[in-house]
Amino acid sequence: MNFKTDSDRFAKPSDRDWISSIYPFIADQRFTKIGALAMTYRGLIIYKSPFDLALYPRLIWEIQPRTIIELGSAQGGSGLWLADKMSVLCENAGEVHSFDLYSKLVHKNAISHPLLTFHQLDLSDVTNFDETLLMNLPHPWLVIDDAHVNIFSVFSYLNNFLVSGDYYVIEDNPVYANREIIDGFDLIEKAGFLIDTYYTDAFGNNVTCASNAWLRKS
């Protein structure tokens, strides 16, 4: 169990190193990737590592989100998993909204979930978002970016609708940050977000697909 207090639980992005306890020194990353790509839920591909499948239920239980926004739908497996977790773990079940350009790939078994809505959206242009929808979605929010498209422009846009206590998770950013990542996280820090190390370091330093990117708006 992680016994960090609030005073040392939350860190500025500029105070964190881009290192991981399992990569590249003591684990073969190929096996982690293969395992994550093979993960399924109710027969649908989910694209989540075992570490993150353990972390998200903790966060959902802790913050009791009324809205989960997922960027990147694929077959709808991860959205379906998130909706099921919300229905079980949240006292007041809210809504899961999943956005992807290729919405036709979503399986009918995911579409039928009562808490889950899929939206066709081209994330290359943030003006494609339905502003009225976003303004009316209840908080707290958990935003999960697993689309890898226009990451920091999308973050900047959605930040206009986030409130204190909301979370934003950016999956699959590299452990060894390039200039784009470094500049993007400088933007994130200036926007008032802190890294929640309870989640980034629960299984070791950055043992998650979202290195330094379990972010809470302060």
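FYI, side chains are in, hydrogens and waters are out, and symmetry mates aren't considered; it's all heavy atoms of this structure. FYI, the numbering just counts along the sequence from 1.
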*For the pair T67 (side chain) and P138 (backbone), establish whether a donor and an acceptor sit closer than 3.5 Å, ignoring hydrogens and angles.*
yes

_Between E95 and L115 (side chain of the first, backbone of the second, donor and acceptor by atom type, cut-off under 3.5 Å), is there such a pair?_
no

*Backbone of S103 reached by a side-chain donor or acceptor of D100 within 3.5 Å*: no

*Compare all side-chain heavy atoms of V143 with those of D166 and state whether any distance is below 4.5 angstrom.*
no

*Would you check if the side chain of E70 reaches a backbone N or O of V96 as a donor-acceptor pair within less than 3.5 Å?*
no

*Measuring from Y41:OH to S78:OG, what's the distance to the nearest 0.5 Å?*
11.5 Å

*Of all the heavy-atom pairs spanning L133 and F99, show the shortest one and how long it is.*
CD2-CZ, 4.2 Å

*Do L123 and L187 belong to the same hydrophobic cluster, where Ile, Leu, Val, Met, Phe, Trp and Tyr are linked whenever their side-chain heavy atoms lie under 4.5 Å apart, directly or via other members?*
yes

*Flag the pair W18 / F185 as yes when at least one side-chain heavy-atom distance between them is below 4.5 Å, and no otherwise.*
yes

*Between K48 and M39, does a side chain to side chain contact (heavy atoms under 4.5 Å, CB included) hold up when you go through it step by step?*
CA-CA 7 Å; K48 293 283 186 290; M39 295 294 292; 5.7 Å; no

*Roughly how far apart are D196 CG and L59 CG, rounded to 0.5 Å?*
7.5 Å

_Centroid-centroid under 6.0 Å between W214 and Y56 rings_ = yes

*Note, L80 side chain near H107 side chain (heavy atom, < 4.5 Å)*: no

_Between S21 and N205, is the side chain to side chain donor-acceptor pair (under 3.5 Å) condition met? List the steps._
CA-CA 5 Å; S21 296; N205 194 76; 5.3 Å; no

*asked:* Parallel, tilted or perpendicular: which one describes the rings of F155 and Y168, with boundaries at 30° and 60°?
replied: perpendicular

_Minimal non-hydrogen separation, A202 against R58, with atom names_ = CB-NH1, 3.6 Å

*Just how far is it from atom CG of L194 to atom CZ of R16, taken to the nearest 0.5 Å?*
12.0 Å

*Got W141 and L162 here, is their nearest side-chain heavy-atom distance under 4.5 Å?*
yes

*Treat each ILVMFWY residue as a node, draw an edge where side-chain heavy atoms are under 4.5 Å apart, and state whether F10 and I188 are in one component.*
no

*Value rounded to 0.5 Å, distance of CD1 in I69 from OG1 in T117*: 11.5 Å

_A side-chain contact here means heavy atoms from C-beta on lying under 4.5 Å apart; do L71 and L158 qualify?_
yes

_Derivation of the side chain to side chain contact (heavy atoms under 4.5 Å, CB included) call for D52 and V169_ = CA-CA 11 Å; D52 297 288; V169 180; over 6 Å; no

*Mark yes or no for whether N150, through its side chain, and S124, through its backbone, hold a donor-acceptor pair below 3.5 Å.*
yes

*Can you find a pair of side-chain heavy atoms, one from L82 and one from I60, that are under 4.5 Å apart?*
yes

*Lys/Arg N to Asp/Glu carboxylate O, R9 vs E62, below 4.0 Å*: yes

*Calculate, to the nearest 0.5 Å, the distance between atoms CD1 and CD1 belonging to I151 and I181 respectively.*
5.5 Å

*Heavy-atom closest contact (R66 atom, H139 atom, distance)*: CG-O, 3.2 Å

*Does I63 share a hydrophobic cluster with L215, counting links as ILVMFWY side-chain heavy atoms below 4.5 Å and allowing steps through other members?*
no

*Side-chain heavy atoms of Y167 within contact of I144, under 4.5 Å*: no

*Find out if a path of hydrophobic residues (ILVMFWY) with successive side-chain heavy-atom gaps under 4.5 Å connects I19 to I182.*
no

*Report yes if the side chains of Y157 and V154 come closer than 4.5 Å at any heavy-atom pair, otherwise no.*
no

*Roughly how far apart are L121 CG and D130 CG, rounded to 0.5 Å?*
9.5 Å

_Shared hydrophobic cluster for L101 and L134 (ILVMFWY, side-chain gaps under 4.5 Å)_ = no

_Looking at every non-hydrogen atom in both residues, tell me the closest pair between P57 and W81 and how far apart they are._
CD-CH2, 3.7 Å

_Test your reading of the model: is there a side-chain donor-acceptor pair from D146 to the backbone of E171, 3.5 Å cut-off?_
no

*Q75 side chain vs I45 backbone, donor-acceptor pair below 3.5 Å*: yes

*Check for a donor-acceptor pair, side chain of N206 on one end and backbone N or O of N212 on the other, with a separation under 3.5 Å.*
yes

*Determine yes or no for a side-chain-to-main-chain donor-acceptor pair under 3.5 angstrom, with N109 supplying the side chain and R42 the backbone.*
no

*Where do V106 and S73 come nearest, in terms of heavy atoms and distance?*
CG2-CB, 4.1 Å

*Heavy atoms only: give me the nearest L116-A83 pair and the separation to one decimal.*
CB-CB, 4.2 Å

*Does D122 offer a backbone N or O that forms a donor-acceptor pair with the side chain of N128 under 3.5 Å?*
yes

*In sequence, state the C-alpha distance, the side-chain angles, and the governing distance for E131 and F161, and then conclude on side chain to side chain contact (heavy atoms under 4.5 Å, CB included).*
CA-CA 9 Å; E131 183 173 328; F161 302 91; 3.7 Å; yes

